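What follows is a single structure, written as structure tokens, with notes after it.
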Amino acid sequence: MTLASAPGKAILLGEHAVVYGRPAIAIPVWEVAATAEVLDDPGAPPGAIWLEAPAIELQGDLASLDPAHPLPRIVRETLYAIGVEHPAALRLRVTSTIPIASGLGSGAAVSVAIARALSQHLGVPLDPSQVSALAYAVERIHHGTPSGIDNTVVAFGRPVYFCRGEPPAPFQVGAALCLLLGDTGVAVSTSVAVGGVRERRRLNPGTYEARFDAIGTIVNEGRDCIEAGRPAELGTLMSRNHALLQEIGVSSPALDSLVQAALEAGAWGAKLSGAGLGGTMLALVPPERQEAVCQALLRAGAVHTIATQVGA
Ligand code: PMV
């Protein structure tokens with residue numbers, strides 16, 4: 001039996017602008033994860049792969065499942081990539097504690113966990129960049145123009161400074177960052193949010209390019225703050241990033257309420273994280289304010305919160 005897990009993710013700075021070539025910073029969120037388990041199935045005919053994902057009510061033989069669905073798709077992509085198209089019979093079970101469609105990278109994490117478990121089980125383990133490329137191929141089917149940040153941070157499992165088309169750049173974390181995620185409970189479609197931005201940018205290219213530039217500058221200043229251990233300044237940059245995300249039309253009243261609640265309860269900064277229009281809010285908090293901010297988020301309507309940390 002082979003087990004592999006992949007974390008959720010949050011975008012600290014730079015979503016949406018990253019689709020248009022600006023940098024972004026993302027972190028893995030290990031408090032939630034997708035897990036894939038692969039078992040030999042000696043009773044089944046050779047080549048049969050039984051796939052089950054109870055959370056999305058998917059189960060069946062690979063040959064009978066919709067080939068365009070992300071789960072069968074990542075299985076096929078992985079087998080092709082490792083050059084094992086007809087393995088001995090297998091059973092593959094996927095579970096996840098990452099809320100779906102909430103900006104936490106659930107789709108990428110499921111793909112990464114499957115690619116990793118399957119390739120390891122079949123004796124051809126893939127490295128993070130190979131796993132990331134496979135997960136990206138699947139993301140493209142459903143999101144059209146993904147930047148690649150989700151599959152990258154989830155596959156590498158460490159904070160990344162990311163520019164589209166480039167390998168992820170690691171960076172130092174000068175002082176631990178204490179973060180809180182608040183889920184609005186509103187499911188979002190990344191392709192709808194990204195498509196909306198694309199359309200508004202088409203109508204108003206100059207304004208949107210200027211906003212993306214401003215976000216890119218914030219990301220680079222943010223990286224300096226992270227490396228130098230200046231969390232309060234980083235928080236201010238996160239809030240400025242949120243204001244720009246509001247301007248490009250991807251916030252929502254529920255997200256704005258969580259941002260406001262976090263700031264009033266003492267967060268250094270807060271913003272939406274991911275595609276927006278719902279999904280998740282991310283706050284950077286002084287450690288001694290963590291409990292107060294958490295309670296404030298729940299009072300302001302968060303359906304649940306996740307506390308996570310970056311750095312020592
Ligand atoms: O799918 P989400 O919610 O994790 O958003 C991904 C981040 C975007 O910048 C909005 C899209 C992308 O492909 O980078």
Side-chain angles (χ1 to χ4, degrees), residues 6-29 32-34 70 96 98-112 132-133 135-157 159-166 168 179 181-201 208-209 211-216 218-219 222 238 241-242 244-252 254-255 258 271-282 306 308:
K9 73 98 200 15
I11 298 183
L12 206 53
L13 295 166
E15 53 274 271
H16 286 289
V18 69
V19 175
Y20 299 90
R22 276 55 165 202
I25 295 174
I27 57 163
V29 177
V32 286
S96 176
I98 308 172
I100 294 172
S102 59
L104 289 169
S106 137
V110 165
S111 289
V112 166
S132 179
Y136 182 69
V138 175
E139 298 264 297
R140 278 187 60 183
I141 304 167
H142 296 276
H143 299 320
T145 57
S147 65
I149 191 167
D150 279 22
N151 48 283
T152 300
V153 64
V154 166
F156 283 81
V160 294
Y161 174 90
F162 176 86
C163 276
R164 191 170 189 158
E166 291 175 21
L179 294 153
L181 293 148
D183 188 348
T184 60
V186 179
V188 290
S189 153
T190 300
S191 54
V192 168
V194 170
V197 173
R198 190 188 308 119
E199 179 59 11
R200 291 189 289 280
R201 173 180 174 270
Y208 272 71
E209 287 299 315
R211 287 170 179 154
F212 297 151
D213 282 342
I215 292 173
I218 285 173
V219 173
M238 288 170 66
N241 192 167
H242 184 70
L244 284 155
L245 289 163
Q246 286 175 315
E247 287 181 28
I248 65 171
V250 291
S251 193
S252 72
L255 283 165
L258 295 186
K271 61 183 277 292
L272 70 84
S273 174
L277 301 178
T280 297
M281 185 261 4
L282 175 69
I306 300 167
T308 189

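When a ligand or atom number is given, it counts from 1 through the structure's own listing order. The shown structure was predicted, so the numbers you read here are calculated from the model rather than taken from an experiment. In this chain, residues are counted from 1 in sequence order.
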Report the member of S106, S147, G107, A26 with the shortest heavy-atom distance to atom 12 (C) of ligand 1.
S147
May I ask you to list the atoms of ligand 1 that are less than 4.0 angstrom from any heavy atom of G274?
3 (O), 5 (O)
Among the heavy atoms of E139, does any lie under 4.0 Å from an atom of ligand 1?
no
Counting from 1, what ligand 1 atoms have a heavy atom of I149 closer than 4.0 Å?
14 (O)
Quick check for you: to the nearest 0.5 Å, what is the distance between Y208 atom OH and R198 atom CZ?
13.0 Å
Give the residue and atom name of whichever protein heavy atom lies nearest to atom 4 (O) of ligand 1, and the separation in Å to one decimal.
K9 NZ, 2.4 Å
Roughly how far, to the nearest 0.5 Å, is CG of D183 from OG1 of T280?
4.5 Å
Can you tell me how far apart CE (M238) and NZ (K271) are? Round to the nearest 0.5 Å.
6.0 Å
Any idea which protein heavy atom is nearest atom 1 (O) of ligand 1, and the distance to it?
T190 OG1, 2.6 Å
I'd like to check which ligand 1 atoms, numbered from 1 as shown, lie under 4.0 Å from a non-hydrogen atom of P146.
13 (O)
Which atoms from ligand 1 have a heavy atom of V18 less than 4.0 Å away?
9 (O), 14 (O)
Counting each atom of ligand 1 from 1 as listed, which ones have a heavy atom of G103 under 4.0 Å away?
3 (O), 4 (O)
Is the backbone N or O of L245 less than 3.5 Å from a side-chain atom of H16, with the two atoms forming a donor-acceptor pair by type?
no
Specify the protein heavy atom at minimum distance from atom 6 (C) of ligand 1: its residue, its atom name, and the distance to 0.1 Å.
D150 OD1, 3.7 Å
Select one of side chain, backbone, both or neither to describe which atoms of I11 lie under 4.0 Å from any atom of ligand 1, heavy atoms only.
side chain
So, regarding A275 and ligand 1 (criterion: nitrogen or oxygen to nitrogen or oxygen, under 3.5 Å), is there a contact or not?
yes
Which heavy atom of the protein is the closest neighbour of atom 8 (C) of ligand 1, given with residue, atom name and distance?
H16 N, 4.0 Å
Measuring only between side-chain heavy atoms, which start at C-beta, is E15 closer than 4.5 Å to N241?
yes
Is there side-chain contact between V160 and I25, with heavy atoms separated by less than 4.5 Å?
no
Would you please test R22 and V219 for side chain to side chain contact (heavy atoms under 4.5 Å, CB included) and show each step?
CA-CA 9 Å; R22 276 55 165 202; V219 173; over 6 Å; no
May I ask you to test the K9-I11 pair for a side-chain heavy-atom distance under 4.5 Å?
yes
Within reach of ligand 1, part of L104 (heavy-atom separation under 4.0 Å):
neither
Atom indices of ligand 1 within 4.0 angstrom of E15 heavy atoms, with elements:
9 (O)
The reported gap from OG in S132 to CZ in F156 (rounded to nearest 0.5 angstrom) is 6.0 Å
